[in-house]
Amino acid sequence: INPYRFAAAGGGSDPDYSSVGLLLHCDGANNSTTFTDNSGTPKTVTAQADAKISTTSPKFGTGSCSLDGTGDYLLVTGNTVFDFSGDFCWEAWVYLTSGANSGFFGSGLGSLYYGVYSNCIIVGNGGINPFLNVTSFTPYLNAWTHVACTRSGSTMRHFINGDIKETVTSLIPFNAGGGNVHVGYSSSLGYITGKMDDVRLTKGVARYTASFTAPTAAFPNS
């Protein structure tokens, strides 16, 4: 376990902040559709359909992203940071009120999807069968849950609330084009019903390679 990495997971300063490509705290006024990227290189984030900020019981801060499962998601304009051919860490807090198929994240070019399918959490690449498949997700409904997917070299890992759930070696290539990214939706899995908070993508760093303590504060902005 690398405590240096995990200290950055909740409060304080982040030694890997320069590698953060997307950081959404989802704070703001109730029902606002303005979502700010707090990474060092802010991206344009556009609320789709009825996606909006809810100030009711966020995980951290003043708000979370509310998604009703019928076309709601956040569209993040394409950028080279969304090239998933190397190491990375996708993570977020999710509060699902439905176990229906739904995507936490998805690449607009279909190169990476991560979310819920048939009562499991899965990670996959376009039309290729998923290569991380974590069962027994149902008990995590109606509760804030930290999810993280990392890639270090050819090793993919998946974590729920800091506990490592599966490790697999995969040489499956990811898209190198850096297309748009969807938060709360994947074309392979569908739309989330529930909320998301503190969404973070780190490029070039697989922050977690062993079980860790889930973040206890919002991710830092520096």
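Values in this document were obtained by computation on a predicted structure and should not be read as measured data.
Looking at every heavy atom in both residues, A49 comes nearest to T70 through CB-O, 4.3 Å. The shortest heavy-atom contact between G40 and Y17 is N-OH, 3.2 Å. Across all non-hydrogen atoms, the minimal contact from V205 to S19 is CG2-OG, 3.9 Å. Nearest heavy-atom pair across C89 and T150 is SG-CG2, 3.8 Å. Smallest separation of non-hydrogen atoms from D14 and P220: CB-CG, 3.6 Å. Shown here for V183 and L24, the closest heavy-atom pair between the two residues is CG2-CD1, 4.4 Å.
Of the inter-residue distances, the one linking S57 atom OG with K59 atom NZ reads 11.0 Å to the nearest 0.5 angstrom. Note: M196 CE to W144 CH2 = 8.5 Å, rounded to the nearest 0.5 Å. For the atom pair T193 OG1 and D68 CG, the distance stands at 7.0 Å (nearest 0.5 Å). Atom CD1 of residue I122 and atom OG of residue S186 lie 8.0 Å apart, to the nearest 0.5 angstrom. Note: L201 CG to F105 CZ = 8.0 Å, rounded to the nearest 0.5 Å. L22 CG to L74 CG: the interatomic distance, rounded to the nearest 0.5 Å, is 9.0 Å.
S66 pairs by the side-chain hydrogen bond (donor to acceptor under 3.5 Å, both in side chains) definition with nothing, not counting sequence neighbours.
Under the 4.5 Å side-chain contact rule for hydrophobic residues, V116 and I192 share a cluster. Under a hydrophobic-cluster definition in which Ile, Leu, Val, Met, Phe, Trp and Tyr are linked whenever side-chain heavy atoms come within less than 4.5 Å, directly or via other members, L23 and F60 are assigned to different clusters. Put simply, M156 and I121 are part of the same group of oily side chains (I, L, V, M, F, W, Y) that touch within less than 4.5 Å, one to the next. One hydrophobic cluster, built from ILVMFWY side chains closer than 4.5 Å, holds both L96 and V199. Each of Y185 and V123 belongs to its own hydrophobic cluster when Ile, Leu, Val, Met, Phe, Trp and Tyr are linked at side-chain heavy-atom distances under 4.5 angstrom.
Contact check for T97 versus N142: side-chain heavy atoms found under the 4.5 Å cut-off. Under the 4.5 Å side-chain criterion, counting only non-hydrogen atoms from C-beta, Y140 is in contact with I160.
At least one donor-acceptor pair closer than 3.5 Å links the side chain of K43 to the backbone N or O of T41. For the pair W93 (side chain) and A218 (backbone), a donor-acceptor distance under 3.5 Å is absent. A donor-acceptor pair under 3.5 Å links the side-chain atoms of T145 to the main chain of A143, judged by distance alone. Of the possible donor and acceptor atoms, one in the side chain of S211 sits under 3.5 Å from a partner among the backbone N and O of I164. One N or O on the side chain of N101 and one on the backbone of S118 form a donor-acceptor pair closer than 3.5 Å. No donor-acceptor pair closer than 3.5 Å links the side chain of S13 to the backbone N or O of S222.
A cation-pi arrangement is present between K195 and Y95 under the rule of less than 6.0 angstrom and at most 45 degrees off the ring axis.
Ring centroid separation for the pair F159 and F212 comes in under the 6.0 Å cut-off.
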Quick one, D197 with V94, criterion side chain to side chain contact (heavy atoms under 4.5 Å, CB included). Give me CA distance, side-chain angles, the key distance, then yes/no. CA-CA 6 Å; D197 205 354; V94 297; over 6 Å; no

Salt bridge (charged side-chain N to carboxylate O under 4.0 Å, His left out) between D16 and R200, worked out: CA-CA 12 Å; D16 294 316; R200 183 169 70 177; over 6 Å; no

Is there a side chain to side chain contact (heavy atoms under 4.5 Å, CB included) between L75 and N180? Walk through the geometry before answering. CA-CA 7 Å; L75 173 65; N180 294 339; 3.9 Å; yes

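In summary, the side chains of K52 and S54 do not present any donor paired with an acceptor at a separation below 3.5 Å, with no hydrogens or angles considered.
The only option from Y73, Y117, Y191, Y114 that meets the ring pair (Phe, Tyr, Trp, His ring centres under 6.0 Å) definition with F104 turns out to be Y114. Partner of Y208 under the side-chain hydrogen bond (donor to acceptor under 3.5 Å, both in side chains) criterion, out of H158, R157, E91: E91 alone.
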Please set out all donor-acceptor pairs under 3.5 angstrom arising from side-chain atoms of residues 25-36, sequence neighbours excluded.
residue	atom	partner	partner atom	Å
H25	ND1	D198	OD1	2.8
H25	NE2	F219	O	3.4
H25	NE2	N221	OD1	2.6
D27	OD1	T62	N	3.0
D27	OD1	G63	N	3.2
N30	OD1	T55	N	3.1
N30	OD1	T55	OG1	3.3
S32	OG	T34	N	3.1

